[in-house]
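When reading the values below, keep in mind they use all heavy atoms of this one structure, side chains included, and skip hydrogens, waters and symmetry mates. Predicted model, so just to flag it, every value in this text is computed and none were measured. Numbered from 1 within each chain, the chains take letters A, B, ... in sequence-line order.
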2 protein chains.
Amino acid sequence: MTSPEAPGSGSAGQAVPVRIGGMESSSATSGGSTRREATRQKLYEAAVTLIAEQGFSATTVDEIAERAGVAKGTVYYNFASKSVLFEELLRHGVGLLTASLREAAELTERTGGNKVDALDAMVRAGLVFIDRYPAFTQLYVAELWRTNRAWQSTLMVVRQEAVAVVEGVLRDGVANGEFSEEIDVQLTAAALVGMVLVAALDWKSFQPERSLDDVHSALSRLLQGRVSGRR
Amino acid sequence: MTSPEAPGSGSAGQAVPVRIGGMESSSATSGGSTRREATRQKLYEAAVTLIAEQGFSATTVDEIAERAGVAKGTVYYNFASKSVLFEELLRHGVGLLTASLREAAELTERTGGNKVDALDAMVRAGLVFIDRYPAFTQLYVAELWRTNRAWQSTLMVVRQEAVAVVEGVLRDGVANGEFSEEIDVQLTAAALVGMVLVAALDWKSFQPERSLDDVHSALSRLLQGRVSGRR
DNA sequence: GTTTTTGCACTGACCAGTCAGTTCAAAACC
DNA sequence: GGTTTTGAACTGACTGGTCAGTGCAAAAAC
């Protein structure tokens with residue numbers, strides 16, 4: 001099940017039954033069995049594609065259960081409600097993205113790259129993420145600017161974490177003179193995120209045969225202002 | 001004429017409502033009453049905000065009718081179904097955007113601007129549009145990359161019309177040497193659209209007190225590569 | 001007199017969430 | 001070893017409610 005979607009905690013090896021306490025702090029249901037974790041994972045995977053395709057409200061719990069190969073009751077055994085399932089899915093997915101962006105930025109830092117390099121590395125990290133989890137990305141974009149929804153506040157927090165990584169790099173770049181002091185950090189960060197997001201979704205939807213490198217270099221060019229003019 | 005048929009009665013064919021290419025609704029209002037047009041307009045306005053907030057499936061026809069101050073029967077007198085109403089709304093809205101972009105590009109052309117100016121004018125036109133119709137924009141973004149929905153093909157056609165305007169300017173710019181020949185027109189256009197879309201939605205959602213000029217200048221800077229480095 | 005809107009009762013499909021009952025692997029016991 | 005008990009995990013039929021779409025007679029608008 002190295003399935004193509006549903007950001008889940010790695011691909012939980014289903015062979016190894018022993019899994020000692022390590023990592024995750026969320027204690028609550030400690031003693032969590034592996035079986036349960038596997039079921040949740042299957043549910044995430046089923047839900048993410050269905051919701052990306054049809055939207056949250058148009059996706060039924062029966063469908064999710066069916067695609068996960070599980071009874072409907074199991075969904076409710078594992079999650080308090082349909083929207084809790086969704087909320088948890090969102091939190092998890094964006095967490096992965098944030099970690100990935102942060103790592104890209106830090107790696108560049110450590111290997112002595114400048115801030116433009118960091119930005120470029122983050123663009124690539126974003127593309128890699130979208131390449132791996134297109135459905136999740138799609139669903140995220142669809143929900144991000146909605147108001148009046150149960151998971152709105154969760155989403156906002158989680159979004160801010162991701163955007164903050166980009167903003168941080170921009171701010172650092174301004175501080176060390178690499179970027180103009182005139183730039184508006186917040187707006188520029190949003191614009192950069194949008195650039196990657198939309199270009200990548202278009203790539204996946206309308207010309208999926210293109211390579212990641214292709215897309216990356218097009219965006220790099222734009223990012224570095226190598227669009228206009230000669231050369 | 002895509003003249004509105006009588007209230008879809010008969011249980012007749014409910015075969016997939018996907019129908020491409022319908023001509024523009026008569027702008028001339030030929031014969032068509034203005035009253036009807038006004039009712040439709042009210043329904044569009046009611047539907048757009050509700051659907052932007054809640055999504056298509058979570059929005060009920062009763063709600064739409066109520067917010068429009070109209071009886072439910074009227075909705076069905078004017079539109080064959082809920083999804084037809086939505087589809088027409090999409091077509092209508094994107095039509096406005098496309099016209100606006102095209103106008104911006106042409107005006108720049110006529111007043112002797114170069115292609116960068118045209119792009120910049122289109123960015124502004126996009127911002128003005130989003131400023132005026134934030135709910136529509138939001139809803140459009142939420143639906144754009146969905147698959148498996150009834151109005152998918154309509155959306156695709158209409159999206160292409162809008163993106164094509166941007167692509168056209170880019171292509172012209174490449175042709176006259178203003179832009180590098182290396183740019184990927186399609187991807188760059190998508191990225192530019194994304195930049196404006198996401199920056200503007202963030203603006204509206206998270207810092208609505210900013211002025212349009214503010215946002216525009218931040219994007220202009222990015223567009224012209226005046227972000228990094230020197231002056 | 002024709003078109004459009006209203007109001008409202010009605011139907012049939014669909015769906016989130018529930019709950020009494022089943023499964024089965026590991027623990028407890030002999 | 002073999003047997004019994006336990007309980008977490010899972011099942012799926014069922015319920016109560018919701019909602020798209022219908023039908024139609026009468027009023028309003030043009």
Side-chain angles (χ1 to χ4, degrees), chain A residues 12 14-19 28-43 46-47 50-51 54-87 149-151, chain B residues 1 3-17 26 29-44 46-47 50-51 54-89 149-151:
Chain A
Q14 65 257 77
V16 188
V18 182
R19 198 273 222 77
T29 334
S30 60
S33 69
T34 306
R35 179 143 86 115
R36 196 158 188 206
E37 210 45 59
T39 304
R40 286 179 122 106
Q41 186 61 33
K42 279 193 295 184
L43 285 170
L50 285 168
I51 296 179
Q54 308 175 319
F56 175 81
S57 303
T59 301
T60 69
V61 174
D62 287 281
E63 278 177 314
I64 296 174
E66 191 190 341
R67 178 164 311 188
V70 133
K72 187 179 192 175
T74 304
V75 176
Y76 286 93
Y77 182 77
N78 283 280
F79 298 96
S81 68
K82 184 186 173 188
S83 49
V84 166
L85 160 57
F86 183 54
E87 220 172 314
R149 303 226 81 171
W151 50 79
Chain B
M1 286 304 132
S3 66
E5 316 97 336
S9 52
S11 53
Q14 65 259 74
V16 191
S26 59
T29 330
S30 55
S33 75
T34 309
R35 182 148 79 112
R36 197 153 188 212
E37 211 45 59
T39 302
R40 286 178 119 107
Q41 189 61 34
K42 281 194 293 182
L43 285 170
Y44 283 152
L50 286 168
I51 297 179
Q54 309 175 318
F56 175 81
S57 304
T59 302
T60 69
V61 174
D62 288 281
E63 277 178 315
I64 296 174
E66 191 190 341
R67 178 165 309 189
V70 134
K72 187 179 184 177
T74 305
V75 176
Y76 285 93
Y77 182 77
N78 282 281
F79 298 96
S81 69
K82 182 186 173 188
S83 50
V84 166
L85 160 56
F86 183 55
E87 222 173 313
E88 239 138 89
L89 175 59
R149 304 225 78 170
W151 51 80

request  = Could you please name the option among D:dC10, C:dA16, C:dT6 that lies closest to any side-chain atom of A:Tyr76?
outcome  = C:dA16

query = side-chain hydrogen bond (donor to acceptor under 3.5 Å, both in side chains) with B:Lys82: which residues, sequence neighbours excluded?
reply = none

Short side-chain N/O contact to D:dA9 OP1/OP2 from A:Tyr77, under 4.0 Å = yes

ask   = Using a cut-off of 4.0 Å on non-hydrogen atoms, how would the nucleic acid contact of A:Thr59 be classed: base, sugar-phosphate, or nothing?
value = sugar-phosphate

Pairs under 3.5 angstrom, nitrogen or oxygen only, protein versus nucleotides 24-26 of chain D, please.
none

ask   = Who passes salt bridge (Lys or Arg N to Asp or Glu O under 4.0 Å) against B:Lys72, sequence neighbours left out?
value = B:Asp62

No-H, no-angle donor-acceptor pair, B:Lys82 side chain to D:dG21 base, under 3.5 Å = no

key: Whole-Å distance separating the CZ atom of A:Phe79 from the P atom of C:dA16   = 16 Å

ask   = Could you state the interatomic distance from CG (A:Asn78) to CD (A:Glu37), rounded to the nearest 0.5 Å?
value = 9.0 Å

request  = In whole angstrom, give the distance that lies between atom NZ of A:Lys72 and atom P of C:dT22.
outcome  = 21 Å

ask   = Can you tell me if the side-chain N/O atoms of A:Asn78 get under 4.0 Å from OP1 or OP2 in D:dA8?
value = no

request  = State which residues pass side-chain hydrogen bond (donor to acceptor under 3.5 Å, both in side chains) with A:Thr74; sequence neighbours excluded, sorted by chain then number.
outcome  = none

Pairs under 3.5 angstrom only: tabulate donor-acceptor contacts from the side chains of residues 63-71 of chain A to other protein residues two or more places apart or in another chain.
{"from": "A:Glu63", "atom 1": "OE1", "to": "A:Thr60", "atom 2": "N", "distance (Å)": "3.0"}
{"from": "A:Arg67", "atom 1": "NH1", "to": "A:Thr49", "atom 2": "OG1", "distance (Å)": "3.0"}

message = Using whole Å, what does the distance between atom P of nucleotide D:dT11 and atom CZ of A:Arg36 come to?
response = 13 Å

query = With sequence neighbours excluded, what pairs up with B:Thr59 under the side-chain hydrogen bond (donor to acceptor under 3.5 Å, both in side chains) test?
reply = B:Gln54

ask   = Do any side-chain nitrogens or oxygens of B:Thr74 fall under 4.0 Å of OP1 or OP2 in C:dT4?
value = no

ask   = Taking only N and O in the side chain of B:Ser81, is any of them less than 4.0 Å away from OP1 or OP2 of D:dA20?
value = no

request  = Please report, rounded to the nearest Å, how far the C1' atom of D:dA9 is from the NZ atom of A:Lys42.
outcome  = 11 Å

query = CH2/B:Trp151 to CD/B:Glu88 distance, rounded to the nearest 0.5 angstrom?
reply = 13.5 Å

request  = Please list, chain by chain and in numerical order, all residues satisfying ring pair (Phe, Tyr, Trp, His ring centres under 6.0 Å) with B:Phe79, sequence neighbours excluded.
outcome  = B:Tyr44

request  = Would you jot down, in residue-number order, the residues of residues 60-70 of chain A having a non-hydrogen atom under 4.0 Å from DNA chain C?
outcome  = A:Thr60, A:Val61

